[in-house]
Amino acid sequence: MPSSDPLPPKESALFRKILAFYNVSKRSVSNPCTNTFSLIFQKCYEMKQYKNGLKLAKQILSNPKFTEHGETLAMKGLTLNCLGRKDEAYEHVRRGLRNDLKSHVCWHVYGLLQRSDKKYDEAIKCYRNALKWEKDNIQILRDLSLLQIQMRDLEGYRETRHQLFKLRPSQHASWIGFAMSYHLLGDYETAMNILETFLSSQTMDTFDYKHSELLLYQNNVIQEAGNYEQALQHLKDCGAQILDKLAVQESMGALCLKLDRHEEAVPIYKELIERNPDNTEYYRKLMEARKLSDTNDLIEAYRAMQEAYPQSFCARRLPLDIATGDTFKTLVDEHLRRNLRKGVPPLFVNLRSLYRDSEKVKIIGKLVECYYQNLISSGYFSAEDAANDNVRKEPASALLWTMYYLAQHYDYLRESEKALDFINAAIEHTPTLIELFVTKGRIYKHAGDVLEAVKWLDEAQSLDTADRYINSKCAKYMLRANQIKEAEEICAKFTREGVSAMENLNEMQCMWFQTECALAYQRLEKWGEALKKCHEIDRHFSEIIEDQFDFHTYCMRKMTLRSYVGLLRLEDVLRRHPFYFKAAKCAIEVYLRLFDKPLAAESAVEELDIENLPAPELKKLRNKQRKAQKKKAEQENAQSKENQKKEQHSKKQLYQDGDPEAPQLDELIPEKLARPDDPLEKAIEFLKPLQQLAKDNIETHLMAFEIYLRRNKLLLMLQSLKRARKIDPNNAILHSCIVRFYRVLEERLASTDNVVDPSVRIVIDRERENLFRGQPDAIALNDAYLKANRDDSDAVYEVAKIMYTLDEKRRDEAITAMVSIVLNQKVPLEKATKLYLLLKSEYFGQCDKELSTFKQICQKRYPLAVVFADVTATPITTLTTTQSSNADNNQTTVTDSGSSRCAVMSTSEQTSGKQVLTDKASKKQKNGPEIKAN
């Protein structure tokens, strides 16, 4: 449809040149000069000559007759947007739109502006308005289809692709996009018909990669439709045309198994194993195809594979999962000897999955201990080998790797002192092997001495400063010890020069570092800094979702359709990733803390009680305040200048390398983040993705309960409890939440001010019997749970807290339950620490006697754990970091990596008693540790 405000020839030619800068819908004008237009379009668009565009627009608008020409104003606005002048851009585009509401160009440009600001819903509305006046415009339809697939408006996407297909039936992309729109909606039959029609219309002498990928995509659609027989036949018919032979074989093997054609699957999987003898899935599928289920038959089959592929690690490892008794002992003996002889560092990691079976653990432990004793005495793995003249002596390194394995073995069993004896002996044997220092640090971490662990990881990274993995591992241990500045300095060795390590790690989306940082700040109660890291991680996930925009056209053009469908499905569940869950959980916990105990305003923090101060003291205070204000103003001024420089630099960088149209995100300021207007609303923003994508994790629903409890939303609290109960009805924290819900409900029912709505009460009464297990009150419910779970430390922890909260007279009973659980059974260190810190926090009031008893038990059971020591460890001075010499600020933080709690002890507590711990840790014999009889 022609514009309602057409330009004369001269201005029309200038306007066409402006359009040349952008991929904007072009309306027909007289004398189009197609070739010249195409050249201008290509040159100007690729060279980003935005200033030339402004000059051309100025020439048109300078004509008194066309000062308010709508399309020119819109194009000028788009040009200004590309230069980063957003406010002016919106002003010009809206002005142009007001002057020409029937112009598809104006609506299209307005949609482009909205899209550049990530307002996709608004952009879609603009594109639809543009199509009202130019319904067959290809460019607008393409832009609309991109936004629809980005927003997963699959119905709208199908309609748009159908219209594009009708307008351009000769283009491959029209057919593919049309078929994919039906595929994503689950209409496989129509999608298959479209693909079949398209392929039958193609006449090709040679088959290229794109055709091959299209055939594989077609086969995937057939499989998703459940037509396995048809899919197998399709692969047989078109296999010669497909270049990815591996994908063909894997698909055919899987289809044969689904169709119970096991005889056909056997040769396929044999060929695949021949191609890759170290793929565990191929071995499992082969055994399934051969219908082997008996343990002895499976082991014999694996032995045959070992002879056929002697270098295959999988053929020797997989039978260990199914073997038992003497057969397992024989197989694992052979496997251990072979790998200890070769010196395979990840041997323990490879066998760790076997440690779920206590019998297998005993067998492995006895075997490796026997190897160690024989290697020390004779240099052979066994006495039989030593007596056999045909057996060669084991290499000297075999003893080293045996000690290394035993250290990891005992560390896994949490026998830390034994593990340290072996790792110390190994270090004495070969003091340059980095893996030994890493393992020693890990042993100390599991034993409860995080600072000592940091020391040994720092020692490890100093042996090879070019090893990025060891560097990252050392930084992670430092963050677990709350040494954030030191961790940043360690990472700075591998970040870009001229930029702070923290900034560069954020640019690189290094989420493991930011997650650990957030948790460290949370333990240090630096709430604003913790929230800043959580929001940075959230932004990374938003950026990853936005980045898929570039692939909608690329994948269609390059025909990487299977990968493209996989990408779309991955993006739909992206926030299910553990990094996001950890960050969201941390943010929710911090916001709940800020709701319960809000921080005072910054101005209020500085207010002091000056009424009773004498005049000289008041004068000193006023002078101090003035100096502080002056210093603060100088810092703010310097920070403002620095921010301006950064902003100018970022704009310049965006203009040169990036996307100047991208919206600038608000700066994350810790002080502002720590003082939100509505903490619970912010917490819900992090919770919503978890409720959609991590609903199988009970923690999601427990966090939801905490938020809705503070909002006093009974039905939402009930919904969270029901969802959590479906996952784990016996969870200790869930029990605590149910009891608290019971109390809140009783209070609300008894209240006359905040009356429960009758319809809400009906719903709750319907669930009451099932949720409260028929108990008459909260105390009875708590006692019944304790009786059923008396040996569970988590249950005792939660029950004891509730017992004291419900009835303070039962304080001694609650404390006794906590002490008894540690006295009567071996509780893991993390759980014992949690119980100890609860007693120490005076939650139950003063309980020095019970605390002393608890501490003595734990000191015997966990001798290396700093949290139970009478004195704390001295702050570690590592090779690459130094501690502050200021005695007032010198603190050692003892943390537990499995808990958000921490204990901070000052240096005044550090006396000569520390020698007790270090003496225990340094015990080792000259010829290695002694194996004690179990």
Side-chain angles (χ1 to χ4, degrees), residues 1-30 32 37 40-41 44-45 48-144 146-147 659-663:
M1 179 178 175
S3 172
S4 60
D5 188 12
L7 291 168
K10 181 183 175 183
E11 282 75 11
S12 181
L14 290 171
F15 185 74
R16 282 199 302 272
K17 287 185 179 181
I18 299 173
L19 288 177
F21 296 114
Y22 315 96
N23 197 10
V24 179
S25 52
K26 298 176 282 292
R27 59 185 177 81
S28 59
V29 292
S30 58
F37 175 82
I40 294 172
F41 179 91
C44 296
Y45 186 72
K48 299 182 179 179
Q49 296 177 350
Y50 303 126
K51 290 184 180 179
N52 288 342
L54 285 177
K55 287 178 184 177
L56 294 171
K58 186 178 180 181
Q59 287 182 44
I60 298 173
L61 296 171
S62 61
N63 188 329
K65 294 181 181 179
F66 305 109
T67 54
E68 294 297 316
H69 185 255
E71 294 181 354
T72 307
L73 286 167
M75 290 306 302
K76 184 178 180 181
L78 185 59
T79 310
L80 291 168
N81 187 57
C82 291
L83 292 169
R85 295 155 63 180
K86 287 201 172 290
D87 293 338
E88 294 177 67
Y90 271 102
E91 183 185 344
H92 279 79
V93 173
R94 284 169 181 156
R95 191 169 133 210
L97 194 56
R98 281 196 298 270
N99 289 319
D100 196 353
L101 279 170
K102 294 183 179 180
S103 167
H104 68 279
V105 173
C106 292
W107 282 111
H108 191 189
V109 168
Y110 195 30
L112 290 173
L113 249 66
Q114 300 284 7
R115 191 183 81 172
S116 72
D117 281 341
K118 316 298 184 190
K119 298 176 181 177
Y120 295 141
D121 290 325
E122 295 299 318
I124 288 172
K125 291 177 186 176
C126 293
Y127 290 158
R128 290 194 182 280
N129 278 325
L131 289 170
K132 287 179 184 177
W133 311 109
E134 190 81 7
K135 65 178 181 180
D136 292 337
N137 190 289
I138 297 291
Q139 189 56 53
I140 300 175
L141 287 167
R142 283 177 182 159
D143 287 347
L144 177 60
L146 293 179
L147 288 180
D659 180 11
E661 299 178 33

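Positions are given from 1 along the sequence. Keep in mind that this is a model prediction, so the values were computed, not measured.
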Using side-chain contact (heavy atoms from CB on, under 4.5 Å) as the criterion, point out the one residue from L73, V93, V105, L112 that pairs with L78.
L112
Would you indicate whether the side-chain heavy atoms of L131 and H104 approach each other to under 4.5 Å?
no
Nearest-0.5 Å distance that lies between atom CG in D100 and atom NE2 in H69
7.0 Å
Could you walk me through whether R95 and E68 pass the salt bridge (charged side-chain N to carboxylate O under 4.0 Å, His left out) check?
CA-CA 8 Å; R95 191 169 133 210; E68 294 297 316; 2.9 Å; yes
Consider only side-chain N and O atoms of D117 and Y90, and report whether a donor and an acceptor are under 3.5 Å apart.
yes
So how far is it from L101 CG to K132 NZ, rounded to the nearest 0.5 Å?
11.0 Å
Partner residues of Y120 under the ring-ring contact (aromatic ring centres under 6.0 Å, His included) criterion, sequence neighbours left out:
F549
Keeping W107 on the side-chain end and R128 on the backbone end, is there a donor-acceptor pair under 3.5 Å?
no
Ignoring hydrogens and angles, state whether a donor on the side chain of H108 or D143 is under 3.5 Å from an acceptor on the partner side chain.
yes
Do you know the tightest heavy-atom contact between G77 and A89?
O-CB, 3.1 Å
When rounded to the nearest 0.5 angstrom, what distance separates CG in L97 from CG in L113?
11.0 Å
Please name the pair of heavy atoms, one in C106 and one in G96, separated by the smallest distance, quoted to 0.1 Å.
SG-O, 3.9 Å
Would S116 and K86 satisfy side chain to side chain contact (heavy atoms under 4.5 Å, CB included), going step by step from the backbone distance to the final call?
CA-CA 10 Å; S116 72; K86 287 201 172 290; 3.6 Å; yes
Spacing of CD belonging to Q114 relative to CG belonging to L147, to within rounding of 0.5 Å:
11.0 Å
To the nearest 0.5 Å, tell me how far E134 CD sits from L141 CG.
10.0 Å
Quick check for you: to the nearest 0.5 Å, what is the distance between N129 atom CG and Y110 atom OH?
10.5 Å
Using the rule given for salt bridge (charged side-chain N to carboxylate O under 4.0 Å, His left out), can you reason through R85 versus E88, listing the C-alpha separation, both sets of side-chain angles and the distance that settles it, and then say yes or no?
CA-CA 6 Å; R85 295 155 63 180; E88 294 177 67; 2.9 Å; yes
